[in-house]
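Everything below concerns the one structure shown next.
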Amino acid sequence: MNRPLAPSAEALVQQRIRSDVQAMHAYGVQDPQGMVKLDAMENPFRLSAELQAALGARLGAVALNRYPGVRVNDLRQALAQYAQMPSGYNIVLGNGSDELISLISLACAVPRDARTGQKPVVLAPVPGFVMYAMSAQLQGMEFVGVPLTPDFALDVPAMLSAIARTQPAVVYLAYPNNPTANLWNEADMAQVVAAAGACGSLVVLDEAYQPFASRSYWDIVRAQPEAHSHVLLMRTLSKFGLAGIRLGYLMGPAALVAELDKVRPPYNISVLNCECALFALEHADAFAQQAQAICDERARLLQALRTMPRLTVWDSQANMILVRVASPAGVDAAQRVFEALRRHGVLIKNVSKMHPLLADCLRLTVGTADENTQLLAALEASL
Ligand SMILES: *Cc1c(COP(=O)(O)O)cnc(C)c1O
């Protein structure tokens with residue numbers, strides 16, 4: 001008797017895996033081996049030797065044999081205090097904001113939106129953070145991207161008409177935005193936030209770059225919570241200085257946060273992440289000094305970049321700078337400069353193919369003084 005053979009793994013991919021997933025590309029992480037790594041908005045500073053030793057002792061004492069328990073509530077409380085969460089609000093933690101974005105999609109992905117009879121829509125300005133679209137589409141939601149103006153401001157009439165037309169379930173507003181590094185005009189923001197509220201959309205304010213920004217929209221939300229019952233604030237410790245530990249948090253009216261909490265995997269924050277984040281908040285002053293050093297370096301970089309020929313340089317409220325390389329017809333100058341920098345040992349991000357508004361653009365993360373000096377020298381040599 002022949003036992004039935006199982007289909008090949010390739011055949012199973014065809015038969016069992018969603019065709020949209022088959023068509024996707026896995027998220028690419030560049031190999032930085034020995035390079036100056038200025039591609040991912042990481043904080044370039046590590047902890048002092050003294051803090052490293054203290055953290056090591058703390059982590060060594062953690063009960064790794066146990067599932068994460070109530071210690072996570074200490075962290076929720078510490079973050080709520082750090083971010084001045086108002087009363088009546090609650091906080092949910094994610095394994096990075098990436099996971100929170102997935103949870104929002106998961107919780108909101110009804111088959112048909114009752115207002116439109118269509119697939120629910122997630123709406124955001126573009127170019128923006130790619131995870132909003134990716135996570136929406138994976139949960140069967142429709143992503144609608146509304147182009148920014150050519151100088152990367154919110155296109156308010158276009159946003160308002162897209163909101164009215166698509167009645168989005170969720171509107172994402174990154175403040176500052178990635179990769180354009182700017183804050184939206186506050187009055188523009190207010191119009192978009194109000195229009196979303198009026199049609200029953202949730203608004204997720206993504207303030208990943210808050211440590212480097214001159215304003216936070218959270219101040220406006222906290223001043224008028226009744227007008228912002230549809231607004232959720234998402235932040236992360238990634239750009240703060242802990243990209244490696246994966247910790248994002250989201251605050252909003254308790255009733256909304258409670259629903260998101262139901263779809264969260266129960267042990268999504270490891271005991272090590274939790275203890276490390278608590279340690280970092282106890283030493284928030286050390287991280288604030290790092291953020292200040294990054295802002296100072298950002299000012300130096302901006303000034304130096306603005307003296308370089310062939311570069312258009314935009315202002316930044318984040319730990320990254322967007323530049324455009326003047327490109328003669330038929331020449332992919334952004335790719336050429338990207339590759340030349342790589343040959344000089346400097347890794348940045350070529351965003352020129354992400355969106356037509358970003359044609360010929362490169363995104364530079366602000367590093368240490370030394371790293372920025374190397375970046376500037378490599379750019380001089382490459383332009
Ligand atoms: C980097 C970034 C995040 C952070 O994601 P994590 O998963 O917390 O590392 C969130 N939003 C935007 C716009 C970002 O650029």
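Order of appearance sets the numbers: ligands from 1, and atoms from 1 within every ligand.
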Fill in: His283 vs Phe279, ring pair (Phe, Tyr, Trp, His ring centres under 6.0 Å): CA-CA, chis, key distance, verdict
CA-CA 6 Å; His283 299 92; Phe279 181 87; 4.3 Å; yes
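- For atom 15 (O) of ligand 1, the closest heavy atom belonging to the protein is Tyr209 OH, 2.6 Å.
- Other residues, nucleotides and ligands contribute over 12 non-hydrogen atoms within 6.0 Å of the CD atom of Gln22.
- Using a 4.0 Å cut-off between heavy atoms, Thr236 contacts ligand 1 through its side chain alone, with no backbone atom that close.
- Remark: ligand 1 and Tyr132 share no N or O pair separated by less than 3.5 Å (distance only, no angle test).
- Under a 4.0 angstrom heavy-atom cut-off, Arg246 registers as being in contact with ligand 1.
- The shortest distance between side-chain heavy atoms of Leu247 and Leu242 does not fall below 4.5 Å.
- Protein heavy atom at the shortest distance from atom 12 (C) of ligand 1 is Asp206 OD2, 3.4 Å.
- At least one heavy atom of Lys239 sits less than 4.0 Å from an atom of ligand 1.
- Of the protein's non-hydrogen atoms, Ser238 OG, 2.6 Å is the one closest to atom 9 (O) of ligand 1.
- Residues Arg363 and Thr180 bring no donor and acceptor atom of their side chains to less than 3.5 Å of each other.
- Applying the 4.0 Å criterion to heavy atoms of Gly96 picks out, from ligand 1, the atoms 7 (O), 8 (O).
- For the 3.5 Å distance criterion, the side chains of Ser270 and Asn273 qualify, holding a donor opposite an acceptor.
- Ion pairing between Arg310 and Asp360 fails under the 4.0 Å rule for side-chain N and carboxylate O.
- Within ligand 1, the atoms closer than 4.0 Å to a non-hydrogen atom of Asp98 are 5 (O), 7 (O), numbered from 1 in the order shown.
- Side-chain contact check for Phe152 versus Leu357: some heavy-atom pair is nearer than 4.5 Å.
- Residue contacts with ligand 1, taken as heavy atom pairs separated by less than 4.0 Å, involve Ala208 solely via side-chain atoms from C-beta onward.
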